Amino acid sequence: MKSAVAAFLRSYLASKKIHWDETLVIDIPKQKSFGDFSVNLALLLSKKVGQNPRTLAEEIKAYILNQDKKGIFEKVEVAGPGFINITLSVKKLQETVLEILKKDKKYGHSNLGNKTRILLEFVSANPTGPLHVGHGRWAVIGDDIARLLSAVGYKVHKEFYINDAGRQVEMLKESVHAILEGRDIPAGGYKGVYVKEIADLLSSKQDPKKLKARAIKHILTQQKHTLAALGVKFNFWFSEKSLHHKKTIQKTAKELVDKGVTYAKEGALWFRSTDFGDDKDRVLVRGSGEPTYFLGDITYHLNKYKRGYPHLIDVWGTDHHGYVKRLKSSMVALGYPEGSLEIIIGQLVSLYRRGEQVRMSKRTGEMITLKEVIEEIGVDATRYYFAMNDVHTHLDFDLEKAKEKSMENPVYYLQYAHARLSSILREAKKRGSKIKSKKDIFILDGADDRDLMKMLLDYPDELAVAASLRQPHRLLNFAKDLATYFHSYYHKNRVISDDKTLSSARLVLVSATRIVIRNILDLLGISAPDKM
RNA sequence: GUCCCUGUAGCUCAGACGGAUAGAGCAACAGAUUUCUAAUCUGUAGGCCACAGGUUCGAAUCCUGUCAGGGACGCCA
């Protein structure tokens with residue numbers, strides 16, 4: 001709906017031949033008396049045009065009212081220093097309810113993305129141990145972002161990069177090998193119980209050459225299971241080793257050399273990343289002739305572009321933030337547009353139980369795995385908890401609270417709203433109360449009806465914003481608000497009554513509300529129960 | 001020392017693009033159920049938006065500095 005309002009403003013600007021590059025800000029005011037949408041264009045324009053903002057606002061108001069042939073707006077008012085407050089007509093809101101029933105599962109979707117292909121890489125944990133809670137956050141956030149972007153018209157593919165080539169997996173092999181031969185695990189090796197399990201599993205298979213591959217495969221399989229249990233499915237699993245295999249890494253080094261952004265020093269090949277704003281230059285090929293992880297990663301990202309994705313998104317933990325600049329620099333150096341590689345840095349997760357922090361230590365092997373968390377609190381609460389906060393904030397994840405069925409755990413609040421909506425429809429059927437005609441919605445014009453309908457109308461805008469900012473938590477907040485509006489409506493208005501037309505009208509509204517809540521839960525991979 | 005994130009009610013957090021009286025849940029207190037699910041609703045109370053400057057018609061939001069918490073600064077991955 002915001003874009004419809006924006007269209008009126010653009011048309012106004014065009015009619016006055018005013019050039020306006022900045023985005024048009026259309027707000028949903030906090031205060032209800034200010035209407036459904038608020039526009040500050042007159043305030044911004046007054047500087048440029050040199051006119052009193054209120055006079056300008058009056059002019060815009062007159063223009064909008066004159067152009068509104070379909071009766072979308074009920075009221076357009078000039079207020080305060082020069083805001084234009086817009087109130088939608090009830091008719092527009094009622095029509096939106098019908099639109100929801102018609103579009104059903106597709107309601108809220110749009111084509112903002114214009115089918116642009118995006119490769120979204122996330123989790124990409126080392127295949128050296130089970131996934132932990134931190135990975136859980138990236139898994140849920142990454143998956144949600146993919147779902148949001150798909151819903152607004154991008155063609156998104158999800159990828160997991162398997163670091164199966166470096167020193168880490170070598171250490172894994174050494175560790176397993178040591179156990180099999182009854183030796184102590186070497187310094188820097190992996191000591192968790194899972195290493196012992198792998199050793200037990202592989203003890204009968206004697207071929208030591210295949211030990212590493214088998215250990216990796218085993219861990220990877222478990223990681224895949226855990227992610228699948230969370231409802232996270234990747235389109236591609238990309239092996240780092242496959243890059244080394246094909247010698248493409250050397251080709252990348254040559255490309256960089258050809259671009260003139262490298263130099264040799266102390267036997268190593270360096271990338272002059274300081275030319276691109278990095279704080280120091282970075283080694284691409286070591287003195288030993290071995291490529292660095294960095295060069296491998298450049299190759300990998302190059303590979304992504306070459307597979308036909310003009311836009312790349314990576315989701316990383318904050319412990320990798322120092323790496324952002326150099327990777328982006330390398331892509332710019334190779335001629336890819338700035339901004340076409342987007343890296344989302346998320347803060348880490350601390351695990352709590354009843355307010356006490358649960359320490360995670362790989363060294364002692366004492367840790368709670370993601371799998372255990374999912375088993376303990378369930379998929380819905382896990383997905384909700386990991387998605388409920390902005391990824392830029394540290395997340396304190398309290399296992400006990402996540403299990404509670406209270407408002408400390410809002411996932412139930414949302415699901416309860418859906419169950420209640422379902423229950424009303426079920427009960428109506430049982431009592432023979434039904435929707436006579438969808439057009440009965442046109443008799444609903446009370447303040448409560450209006451408020452609820454307005455929330456439903458806002459959903460597509462909220463989804464679009466959440467997707468473009470890559471912030472799934474915004475959608476959860478919206479869903480919570482919508483649920484509040486509905487719960488409140490429910491207490492004030494009886495849906496099923498002797499008044500057949502009124503019942504019919506309210507059943508239409510209930511159906512539409514249920515569709516929107518269900519769509520949001522579906523989108524975020526949380527189940528929408530009919531009964532609780 | 002340099003860089004990144006965070007600092008909003010007692011607690012957990014929303015407040016994209018600067019806007020009109022800063023919001024929600026939990027906890028506290030007071031209420032609501034013969035009626036479609038009380039895992040719900042209604043109300044009261046609770047704030048120097050870390051601190052200090054600056055930018056402007058207007059700042060929780062932008063800029064600078066300070067303080068506090070977390071993280072990163074390898075020819076590791």
Side-chain angles (χ1 to χ4, degrees), chain A residues 22-27 29-31 33-34 38 40 43-44 46-47 53 79-83 85 126 128 163 165-169 171 188 240 265-270 279-280 282-288 290-294 296-297 317-325 345-348 350 355 388-394 396 398 401 404-413 415-417 419-428 430-431 433 465-466 468-469 471 473-474 476-478 480-481 483-484 486-497 503 506-507 510 531-532:
Chain A
E22 295 170 56
T23 50
L24 294 161
V25 177
I26 293 148
D27 253 330
K30 292 170 219 161
Q31 200 147 334
S33 61
F34 294 153
S38 171
N40 68 350
L43 288 155
L44 301 176
S46 74
K47 272 180 210 161
F83 292 104
N85 293 333
N126 284 332
T128 52
N163 300 130
R167 213 153 286 178
Q168 316 275 3
V169 285
M171 278 321 297
E240 181 187 0
K265 192 179 88 181
E266 293 163 11
L269 181 69
W270 296 70
D279 47 5
K280 43 182 109 154
R282 309 292 174 175
V283 172
L284 295 166
V285 182
R286 286 183 266 252
S288 64
E290 283 283 298
T292 57
Y293 179 83
F294 178 42
D297 217 16
T318 182
D319 49 337
H320 290 90
H321 100 268
Y323 197 73
V324 172
K325 194 73 207 177
I345 295 293
Q347 299 297 310
L348 304 175
S350 307
M388 73 190 283
N389 296 119
D390 190 334
V391 285
H392 296 111
T393 64
H394 309 264
D396 291 335
D398 194 307
K401 281 183 183 167
E404 267 176 39
K405 298 186 174 181
S406 70
M407 262 317 282
E408 281 290 312
N409 187 357
V411 63
Y412 296 108
Y413 185 78
Q415 292 184 317
Y416 187 63
R420 187 175 246 179
L421 285 155
S422 304
S423 165
I424 295 170
L425 296 176
R426 208 163 42 232
E427 196 65 22
K430 208 195 292 176
R431 300 189 193 181
S433 182
V465 172
S468 63
L469 296 177
Q471 294 185 333
H473 78 277
R474 297 180 79 98
L476 281 178
N477 286 333
F478 172 76
K480 220 161 67 178
D481 288 344
T484 298
F486 164 67
H487 281 309
S488 177
Y489 184 89
Y490 172 87
H491 278 270
K492 288 191 223 161
N493 303 282
R494 174 142 285 273
V495 176
I496 304 163
S497 69
S503 299
R506 286 186 173 154
L507 284 171
V510 163
K531 283 181 190 172
M532 279 173 80

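Computed from heavy atoms alone, side chains included, the values below leave out hydrogens, waters and symmetry copies. The sequence lines fix the lettering, A, B, ..., with proteins before strands; numbering per chain opens at 1. Just so it is clear, the structure is predicted and the values come from calculations on it, not from any experiment.
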Fill in: Between B:C4 (P) and A:His394 (NE2): distance, integer Å
15 Å
Discussion item. Quick check on B:C36: is either OP1 or OP2 less than 4.0 Å from any side-chain nitrogen or oxygen of A:Arg506?
Written reply: no
Item to complete: Kindly say whether A:Leu284 contributes a backbone atom to a donor-acceptor pair with the side chain of A:Thr292 at under 3.5 angstrom?
Response: yes
Worksheet, complete the sentence: Of the candidates B:A20, B:G70, B:A38, the side chain of A:Tyr490 sits closest to B:A38
Worksheet item: So what does A:Tyr323 touch, heavy atoms closer than 4.0 Å: a base, only the sugar-phosphate, or nothing?
Response: base
Worksheet item: What interatomic distance, in whole Å, is found between P of B:U55 and the corresponding atom of B:U12?
Response: 35 Å
Discussion item. Counting only side-chain heavy atoms from C-beta out, which of B:G19, B:C5, B:A77 sits nearest to A:Arg167?
Written reply: B:A77
Worksheet item: Does A:Arg282 make a side-chain N or O approach to OP1 or OP2 of B:G74 shorter than 4.0 Å?
Response: no
Worksheet entry | A:Phe83 over B:G19, stacked by centroid distance under 5.5 Å, angle under 30° | no
Worksheet item: Across the strands shown, which category fits A:Ala417 at heavy-atom distances under 4.0 angstrom: base, sugar-phosphate, nothing?
Response: nothing
Practice prompt. Report the nucleotide, chosen from B:G19, B:G70, B:C75, that has the shortest atom-to-atom distance to any side-chain atom of A:Leu43.
Written response: B:G19
Practice prompt. Please determine if a side-chain N or O atom of A:Ser433 lies less than 4.0 Å away from the OP1 or OP2 oxygen of B:C36.
Written response: no
Discussion item. Under the criterion of centre distance below 5.5 Å and interplanar angle below 30°, is A:Phe34 classified as stacked on the base of B:A20?
Written reply: yes
Worksheet item: Does A:Val169 reach the side chain of A:Asn126, with side-chain heavy atoms less than 4.5 Å apart?
Response: no
Worksheet item: Is any side-chain nitrogen or oxygen of A:His473 closer than 4.0 Å to OP1 or OP2 of B:G15?
Response: yes
Item to complete: Take atom C1' in B:A39 and the same atom in B:U33, then report the distance between them in whole Å.
Response: 15 Å
Discussion item. Classify A:Gly166 by what it touches in the nucleic acid, base, sugar-phosphate, or nothing, heavy-atom distance under 4.0 Å.
Written reply: sugar-phosphate
Discussion item. Any base atoms under 4.0 Å from A:Asp390, or only sugar-phosphate, or nothing? Heavy atoms, all strands.
Written reply: sugar-phosphate
Discussion item. Once you apply a heavy-atom cut-off of 4.0 Å, does A:Asn40 come out as touching a base, just sugar-phosphate, or nothing?
Written reply: base
Discussion item. If you compare every side-chain N and O of A:Lys280 against the phosphate oxygens of B:U2 (OP1, OP2), does one of them come in below 4.0 Å?
Written reply: no
Worksheet item: Under 4.0 Å between a side-chain N or O of A:Tyr416 and OP1 or OP2 of B:A39?
Response: yes
Item to complete: Could you work out the separation of B:A68 and B:A27 based on their C1' atoms and round it to a whole Å?
Response: 26 Å
Worksheet item: Under 4.0 angstrom, heavy atoms only, what part of the nucleic acid is A:His487 near: base, sugar-phosphate, or nothing?
Response: sugar-phosphate
Worksheet item: At under 4.0 Å between heavy atoms, what does A:Gln31 touch on the DNA or RNA strands: base, sugar-phosphate, or nothing?
Response: base
Discussion item. Using a heavy-atom cut-off of 4.0 Å across all strands, would you classify A:Asp27 as base, sugar-phosphate, or nothing?
Written reply: base
Fill in: Pairing partner of B:U66 (Watson-Crick or G-U wobble, both distances under 3.5 Å)
B:A50
Practice prompt. Both distances under 3.5 Å, Watson-Crick or G-U wobble: report the partner of B:G1, or none.
Written response: B:C73
Discussion item. Need one value for A:Glu266: base, sugar-phosphate or nothing, where a base atom within 4.0 Å counts as base even if backbone is also close, heavy atoms only.
Written reply: base
Worksheet item: NA contact type, A:Ser288, heavy-atom cut-off 4.0 Å: base, sugar-phosphate, or nothing?
Response: nothing
Fill in: Integer-rounded Å distance: B:C4 C1' and A:Lys325 NZ
12 Å
Discussion item. At less than 4.0 Å, is any side-chain N or O atom of A:Thr128 found next to OP1 or OP2 of B:A77? Yes or no.
Written reply: no
Discussion item. With a 4.0 Å cutoff (strictly under), does any side-chain N or O of A:Arg474 reach OP1 or OP2 of B:C17?
Written reply: no
Practice prompt. Check whether any side-chain heavy atom of A:Ile345 sits under 4.5 Å from a side-chain heavy atom of A:His321, and report yes or no.
Written response: yes
Worksheet item: Which part of the nucleic acid does A:Lys30 contact within heavy-atom distance under 4.0 Å: base, sugar-phosphate only, or nothing?
Response: sugar-phosphate
Worksheet item: If we take the P atom in both B:C3 and B:U66, what is their distance in whole Å?
Response: 10 Å
Worksheet, complete the sentence: A:Arg431 has its side chain closest, among B:A20, B:C36, B:U40, to B:C36
Fill in: Whole-Å C1' distance, B:G54 and B:A45
37 Å
